[in-house]
Amino acid sequence: MGTKTYDHYAYCEQVARTLKAVGHDDQRPRFFTAFGLEDLYNFEDKLSAVTGMVLIAVDGTEMDSTDNRADGITDTYTYSIILAKNTQRDRPDTIAQAIRQCQVAALQVRNLLRLDPDLQYSLGLEMQLNGIGPIGDGFYGVMLTFTVTDYPDYTIDEKQWATVMKSE
C-alpha cells in the first residue's frame with residue numbers, strides 16, 4: 001500500500017446505509033462515530049431520539065508498528081464496529097433479543113469485510129466479537145474488532161523537517 005488508504009468512518013457509513021438491519025439515511029440517522037471506546041459515555045444525547053439498530057464506527061487511531069527485519073515496516077491499525085439496538089432495561093428479554101439481532105448483523109459485516117477485494121491483502125486474519133452495553137439509554141449489542149495492515153514507505157519526508165538530521 002505505502003499509505004493508509006482504508007477510511008474506517010466512510011466505509012462504515014456505507015455499511016450503515018446498505019445493511020437493512022441498520023437502515024441509516026439522512027432522515028433517520030443511525031450511523032455514528034466515536035474516537036475510542038471512552039467516547040461512548042457521551043452518547044446518551046446522540047441516541048435519545050433513535051430507535052432500532054445503530055452502527056457506531058470506533059477509530060481510536062490505535063496502531064502497532066513493527067520492523068520486518070528486511071527493508072520496511074508494517075503498521076497494523078485496530079478498528080471496531082459497534083452494532084447496538086435500543087432495549088427496555090426493565091425487560092431483560094429485550095436485551096438478549098437485541099444482542100442476538102446485533103450478532104447476526106455483525107457476522108454479515110464480518111463476511112462483507114472478508115469478501116471485500118480492496119481489503120483482501122490488508123485485513124487481519126483474526127476478528128473479535130464481544131458483547132457491549134449499555135450505551136446511551138439502554139442500547140445493547142456487539143462490537144466487532146479487526147485490524148488492517150499497511151506497509152508504508154520507510155523514508156524521511158524532508159518537507160516535514162526544519163532540517164534533516166544526518167547520521168555520521
Side-chain angles (χ1 to χ4, degrees), residues 1 3-65 75-150:
M1 257 199 240
T3 59
K4 183 179 164 194
T5 58
Y6 174 73
D7 184 337
H8 187 57
Y9 292 151
Y11 193 96
C12 288
E13 183 173 7
Q14 285 305 309
V15 170
R17 287 183 183 278
T18 56
L19 185 62
K20 287 181 181 180
V22 176
H24 168 72
D25 62 32
D26 296 338
Q27 289 74 39
R28 288 186 359 210
R30 292 184 175 172
F31 167 71
F32 304 94
T33 62
F35 179 75
L37 294 178
E38 62 279 352
D39 211 13
L40 296 176
Y41 294 116
N42 303 320
F43 264 71
E44 195 154 334
D45 290 340
K46 291 179 182 180
L47 297 176
S48 63
V50 178
T51 58
M53 193 178 300
V54 298
L55 188 149
I56 304 169
V58 182
D59 182 358
T61 63
E62 296 175 43
M63 186 260 294
D64 289 320
S65 185
D75 292 339
T76 304
Y77 296 87
T78 301
Y79 300 101
S80 294
I81 297 172
I82 295 172
L83 291 151
K85 191 170 180 187
N86 60 321
T87 64
Q88 297 174 7
R89 287 189 185 195
D90 59 337
R91 293 189 44 216
D93 59 312
T94 65
I95 295 171
Q97 183 180 24
I99 291 170
R100 278 193 302 277
Q101 291 171 354
C102 292
Q103 184 178 25
V104 168
L107 293 176
Q108 284 298 299
V109 173
R110 177 208 54 196
N111 296 348
L112 177 73
L113 288 163
R114 287 271 176 240
L115 294 171
D116 188 327
D118 292 333
L119 295 174
Q120 69 180 346
Y121 297 112
S122 58
L123 189 66
L125 297 176
E126 296 182 15
M127 294 184 177
Q128 294 82 40
L129 188 65
N130 298 302
I132 193 165
I135 300 169
D137 189 23
F139 278 76
Y140 286 82
V142 296
M143 178 173 62
L144 178 68
T145 302
F146 59 96
T147 60
V148 174
T149 301
D150 188 24

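Residues take their numbers from the sequence shown, with the count starting at 1.
Checked by atom type and distance alone, the side chain of His8 never pairs as donor or acceptor with a backbone atom of Thr78 at under 3.5 Å. Not a single donor-acceptor pair under 3.5 Å links the side chain of Ser80 to the backbone N or O of Met143. Of the possible polar contacts, one joining the Thr87 side chain to the Gly138 backbone as a donor-acceptor pair under 3.5 Å is found. Not a single donor-acceptor pair under 3.5 Å links the side chain of Tyr79 to the backbone N or O of Gly60.
Residues Val15 and Leu112 share a closest heavy-atom pair of CG2-CD2, 3.8 Å. Across every non-hydrogen atom of His24 and Phe31, the tightest pair is ND1-N, 3.2 Å. In terms of heavy atoms, Arg30 sits closest to Ala21 at NH1-O, 4.4 Å. Taking both residues in full, the closest heavy atoms of Ala98 and Tyr140 are given as CB-O, 4.1 Å, listed atom of the first, atom of the second, then distance. The two atoms that bring Val22 and Arg28 nearest to each other are O-NH2, 4.5 Å, heavy atoms only.
Applying the salt bridge (charged side-chain N to carboxylate O under 4.0 Å, His left out) definition to pairs two or more places apart or across chains, those involving residues 84-97 are Arg91-Asp93.
Partners of Asp26 by salt bridge (Lys or Arg N to Asp or Glu O under 4.0 Å), not counting sequence neighbours, listed by chain and number: Arg17. Applying the ring pair (Phe, Tyr, Trp, His ring centres under 6.0 Å) criterion to Tyr11, with sequence neighbours excluded, gives Tyr6. Every residue was checked against the side-chain contact (heavy atoms from CB on, under 4.5 Å) condition with Asp64, not counting sequence neighbours, and none meets it. Legend: residues meeting side-chain contact (heavy atoms from CB on, under 4.5 Å) with Ala106, ordered by chain and number and at least two apart, are Leu83, Leu129, Val142. Residues that satisfy the salt bridge (Lys or Arg N to Asp or Glu O under 4.0 Å) test with Arg114, not counting sequence neighbours, are absent from this structure.
Note that the CE atom of Met63 and the CG atom of Asp75 stand 4.5 Å from one another [nearest 0.5 Å]. Of the inter-residue distances, the one linking Ile82 atom CD1 with Leu144 atom CG reads 10.5 Å to the nearest 0.5 angstrom. Here CD1 of Ile56 is found 8.0 Å from CZ of Phe139. Values are rounded to the nearest 0.5 Å. Atom CG of residue Leu125 and atom OG1 of residue Thr147 lie 8.0 Å apart, to the nearest 0.5 angstrom. The CG atom of Asn111 lies 12.5 Å from the CG atom of Asp116; values are rounded to the nearest 0.5 Å.
Inter-residue side-chain proximity for Asn86 and Val50 is flagged as unmet; no heavy-atom pair is nearer than 4.5 Å. Side-chain atoms of Ile135 and Val54, non-hydrogen and from C-beta on, never get closer than 4.5 Å to each other. Between Leu113 and Arg110 the shortest side-chain heavy-atom distance does not fall below 4.5 Å. Within the 4.5 Å cutoff, the side chain of Leu47 has no heavy atoms near those of the Asp137 side chain.
By the neighbour-count criterion of 12 heavy atoms within 6.0 Å, atom CD of Glu126 is sparsely surrounded, having that number or fewer from other residues, nucleotides or ligands.
Considering Thr61, Thr149, Asp59, Asp150 as possible partners of Tyr77, the one that fulfils the side-chain contact (heavy atoms from CB on, under 4.5 Å) test is Asp150.
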